[in-house]
Each structure stands twice: as structure tokens, then as C-alpha cells.
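This one's a predicted model, so the numbers in the text were calculated from it and none came from an experiment.
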Amino acid sequence: MKIRAITLFVEPTFEPSRGQSFFDAARHMFADQVQTLRLATTPFPSWWRPERFPAIQARESAELSHAVGAEFICLGPVLLRHDAGWLDTLPDIVGSGRGVHVAAEIADTAGAIDVGRCRAVAEIIRRISTLAGDGSGNFYFCALANCPGGSPYFPAAFHKGGSPRFAIAVEGADLVLESLSDAPSLLAARQRLQAAVEREAHSLSAAAGQLVEATGIAFDGIDFSPAPAPEPGKSLFAALEALGLGRAGSPGTLFAAAFVAEAIGRANFQRCGFSSVMFSVLEDVLLAERAASGQVTVYDLLSYAAICGTGLDTVPLPGDVSQDALAAILLDVAALATRLNKPLTARLMPMPGLAAGDPVAIDLPYVADGQVMAVDPIEGGDGLRHATRLQMQAYHHPREW
């Protein structure tokens, strides 16, 4: 198991020298365990100057993150309370070419779904998809539903405010696979996985405690969502099959995913963020293969989102997917997040010029090859547009149902 990221959360006024000291200490302390060091700020609309070009401010932010020793920076989301005009800056930020990550909120932590915002964000996704010929732009952007700050995974990461803090994100699909393989029973598999998560988490927490002592920066915990990687032995979908319930993607997959999520939930450690199972289509070689063959659909992924930790992640879609279809998917994610009171994201990736079934090859680290997934067209989509025209933005999902 590796550390996917150590993310430092800061206010925009943080002292760069303190950030550099932190990342130097983290790099020394964790050595080759950690893949990336990352910086996340409070949501950018609260501190950016609206009169300045977004691309320029994005480049400045990227340069600052690199200067202090971070490979990537996440500027946080445009929240529902922010003026919708900030959404228009998102394509410019992603298009700055510096790997800056951003997000947009479609449902807040109070249970409100903004229908109009879902439709607007759908169009932003379409615009971002055209920024790079391979459709990789949306790798740096996602929609957030019921997501508080503090998760170390990008692009969902943002600082809740206050003094600097840090958190750890893991790449642990291999740990799940090892724990579940050849288990004599479901009870033994759960016990083995819970014990393995606690063992690794406690080891990471001990090292994090040393980093706190060395830097004076508080530790918020571990997001133990076992992220996959596009290499042998690091597929979460393969780990589900190790339970012996048959081919992942067929009936029983939802149970297997819930089983893993429950075992992680039982583990005793300082947790933050999602801390559940993670289905990332273009980061998991077996899931990408099953999606390419049509054995896993977008609607299957939505059902998994009911029990998983992240929602829809790196989902390759047709380049001509309509705004209505994207908005409807976002509404479904928002409904699950608010109804179940859990954080979910949607990182949807339309592929310019490609149709369902076409091969996808994106030149990015940690991304597997795959195929474009089909999306049913919206029939009679005027209903969604009409709701938006009536300004039904503040739809509160009653959680007492």
C-alpha cells in the first residue's frame, strides 16, 4: 500500500516558508511511501480578485504551490452561496495548463440541491472537455454534493478555514485484495480487512504524529478510501471478486462493495473525508475493462454510489453528451448524497469526437485505457429546463423521510 497524497490545507494568507518546511519534512519522513504532496486552499471565490484574469491567478497559485514543494494545488469549489458568475472562471482555471484542480458545489451540506446549478455545471463540464484533444481537462474538475472540506483527495479537497492542517489519502486497493484473497469465510475476510486497515492506519498516524511535532501543523486524519491504480494487483474491482461472489459487475457486486465499505467503517483510526470504497473507472484496470465491455454502466455506478465513498469518478462519456443528460446525472448524484446524507462527487469526462464504445487513451499518470461509456439521451428534457427557468434552485431534500 502507498500513500496517494499528503495534502496541506491552508488559508490564502499562509506563510510560504512554513509550507515549504512542512513539505520538506513530509518528504523526508515518508520518503518513497508517498506519491504526491498537495496543497489545498479555502474556496477561491472567497479570496480571488474578480477583476483579474482567472488564468493568471491560476498560474500564480500553481507557481506558489510548486515553490513551496507541492506538486499540485486545489483551489476549492464554487459553493452554492457564491455568485454563479464564478462558474464561468472554471474553464479558464483548468485551461491555464498548470494542473490546477477546482470544483463546483451542486448540493450543500444542509441538504439543498440547486437544480439550476446542476444544469450550469453540466455546461461547464462540456466546455472543459474541449480544452484538450484527449478530453483530459475534466480530470482536474468535479461536482460536489454534500461534501465538507478536509478530504485530501483531489479535486474535492478544500480547506474549511483556520490554521493549517494536513491529511493523508491512501492508495490501498492492493491491501483490500490481499486481505480478501483466499479468506475461508466472509467473517474471516471482514476481520482480516479490518485488521489490515487498522494496522496500516495506526502506522501512518504514528508517522503523522511525528510530522506534527516537527512542524506544529495539526493532523486531521486519514481518508482510507482504497484508491486503485492502473497496474496489476491494484484493482478494487479485482478485490471484490476475491470474495468469491462471481464476476464484479454482475449481481452481487453491490453487496461486495458494501461489505468492503462496512469493514473499513468498523476499523478504529482517525478518519477524515470519504473513508469508504472508491470506484474510479479510468484508474482501475478491471473496472475500465468491464465498463468497456458494457458489463458496468453509468447507472450501475450510480447504484454503487449509494454505498461507496466518492460517487462517479473518471467516467468517460461521449463527446456529444447533452447538457440535459449531464445535468440529470448530476441531479441523481445530488439526490443520493442528500437523501443518504453522505458526501459524493461526480468527475464526468466527455471525450471530444468519440462515441460510446470508442477507445479512450489519456496521457496522464495513474490513468488506464478504456472505452467511452454509453449514456441514454434525455427524452422530453424540457421538464428540467422548465424547472430551471422557474428558478427552482433551492430544493431542500427532507432527511426525515
Side-chain angles (χ1 to χ4, degrees), residues 1-5 35-36 71-72 99 101 125 128-129 132-142 153-156 169-178 180-181 225-242 247-250 253 256-257 260 274 277-302 304-305 308-319 321 345-375:
M1 191 193 80
K2 285 185 174 292
I3 299 171
R4 170 66 62 86
Q35 290 181 343
T36 58
E71 285 96 337
F72 302 104
H101 295 69
I125 291 171
I128 291 175
S129 72
D134 61 357
S136 60
N138 279 296
F139 187 80
Y140 303 97
F141 172 76
C142 72
Y153 286 106
F154 280 24
V170 304
E171 185 181 284
D174 54 342
L175 182 74
V176 180
L177 177 59
E178 292 166 7
L180 301 185
S181 296
S225 301
E231 52 190 271
K234 294 190 175 183
S235 164
L236 187 60
F237 239 48
L240 300 186
E241 293 188 349
R247 175 181 52 79
S250 62
T253 302
V260 173
F274 304 98
V277 297
M278 178 182 288
F279 292 116
S280 183
V281 176
L282 291 181
E283 294 180 336
D284 186 315
V285 287
L286 184 57
L287 175 52
E289 178 184 314
R290 295 288 161 74
S293 66
Q295 294 171 309
V296 174
T297 69
V298 173
Y299 312 104
D300 291 325
L301 295 173
L302 276 169
Y304 304 156
C308 80
T310 55
L312 302 181
D313 196 36
T314 62
V315 180
L317 300 175
V321 61
T345 68
R347 188 158 45 158
L348 308 176
M349 303 180 67
M351 297 288 139
L354 299 184
D358 287 344
V360 172
I362 297 177
D363 187 19
L364 286 174
Y366 317 120
V367 173
D369 292 340
Q371 288 185 13
V372 176
M373 301 181 70
V375 176

Worksheet entry | For the student: nearest non-hydrogen atoms of Ala132 and Pro352, plus distance | O-CG, 4.0 Å
Discussion item. Under 6.0 Å from the ring centre and within 45 degrees of the ring axis: does the NZ or CZ of Arg347 meet both conditions for the six-membered ring of Phe139?
Written reply: yes
Item to complete: Quick one: do Asp369 and Leu282 satisfy side chain to side chain contact (heavy atoms under 4.5 Å, CB included)? Show the steps, please.
Response: CA-CA 7 Å; Asp369 292 340; Leu282 291 181; over 6 Å; no
Response to the item:
Taken to the nearest 0.5 Å, the spacing of Met1 CE from Glu178 CD works out to 10.5 Å
Worksheet item: Under 4.5 Å between any side-chain heavy atoms of Met373 and Val315, yes or no?
Response: yes
Worksheet item: Among all residues two or more places apart in sequence or in another chain, which pass the side-chain contact (heavy atoms from CB on, under 4.5 Å) test with Ala292?
Response: Gln371
Worksheet entry | Closest non-hydrogen atom pair, Gly137 against Ile128 | C-CG2, 3.4 Å
Discussion item. Determine whether Thr310 and Phe279 satisfy the following criterion, side chain to side chain contact (heavy atoms under 4.5 Å, CB included), listing intermediate values before the conclusion.
Written reply: CA-CA 7 Å; Thr310 55; Phe279 292 116; 5.7 Å; no
Worksheet item: Could you give the distance from OG (Ser129) to CG (Asp134), rounded to the nearest 0.5 Å?
Response: 11.0 Å
Worksheet entry | Shortest non-hydrogen contact between Ala173 and Ala239, atoms and distance | O-CB, 4.4 Å
Worksheet entry | Where Tyr140 and Gly99 come nearest, the two heavy atoms and their spacing | CE2-CA, 3.8 Å
Worksheet, complete the sentence: dist Glu71:CD -> Phe154:CZ (nearest 0.5 Å) comes out at 10.0 Å
Practice prompt. Mark yes or no for whether Arg4, through its side chain, and Pro228, through its backbone, hold a donor-acceptor pair below 3.5 Å.
Written response: yes
Response to the item:
In short, Val170 meets Pro226 closest at the heavy-atom pair CG2-CA, 4.4 Å
Discussion item. To the nearest 0.5 Å, what is the distance between CD on Glu283 and CG on Leu364?
Written reply: 10.0 Å
Item to complete: Report the C-alpha distance between Met349 and Ile362 in whole Å, list the side-chain angles of each, state the deciding distance to 0.1 Å, and finish with yes or no for side chain to side chain contact (heavy atoms under 4.5 Å, CB included).
Response: CA-CA 11 Å; Met349 303 180 67; Ile362 297 177; 3.8 Å; yes
Item to complete: Go through the steps to decide whether Leu240 and Val277 satisfy the test side chain to side chain contact (heavy atoms under 4.5 Å, CB included), and finish with yes or no.
Response: CA-CA 10 Å; Leu240 300 186; Val277 297; 5.8 Å; no
Discussion item. For Glu231, give me all partners under salt bridge (Lys or Arg N to Asp or Glu O under 4.0 Å), at least two apart in sequence or on another chain.
Written reply: Lys234
Practice prompt. Say whether, by atom type as modelled, one donor and one acceptor occur between the side chain of Asn138 and the main chain of Phe141 under 3.5 angstrom.
Written response: no
Discussion item. Could you check whether any side-chain N or O of Thr297 sits under 3.5 Å from a backbone N or O of Tyr299, counting only pairs where one atom can act as donor and the other as acceptor?
Written reply: yes
Item to complete: Verify the neighbour count for atom OH of Tyr304: are there more than 12 heavy atoms of other residues, nucleotides or ligands below 6.0 Å?
Response: yes
Worksheet entry | Nearest-0.5 Å distance, OG of residue Ser225 to CD of residue Glu171 | 12.5 Å
Worksheet item: Does Val375 reach the side chain of Pro318, with side-chain heavy atoms less than 4.5 Å apart?
Response: yes
Fill in: Flag side-chain contact, heavy atom, 4.5 Å: Leu287 against Leu236
no
Worksheet item: So, does Ser235 use its side chain to make a donor-acceptor pair with the main chain of Phe237 at under 3.5 Å?
Response: yes
Worksheet item: How long is the span from the CG atom in Leu348 to the CD1 atom in Ile125, to the nearest 0.5 Å?
Response: 4.5 Å
Worksheet item: Distance-only, no hydrogens or angles: does the Thr314 side chain make a donor-acceptor pair with backbone N or O of Val281 under 3.5 Å?
Response: yes
Worksheet item: Can you name the closest pair of heavy atoms from Asp174 and Gly233 and give their distance?
Response: CB-O, 3.2 Å
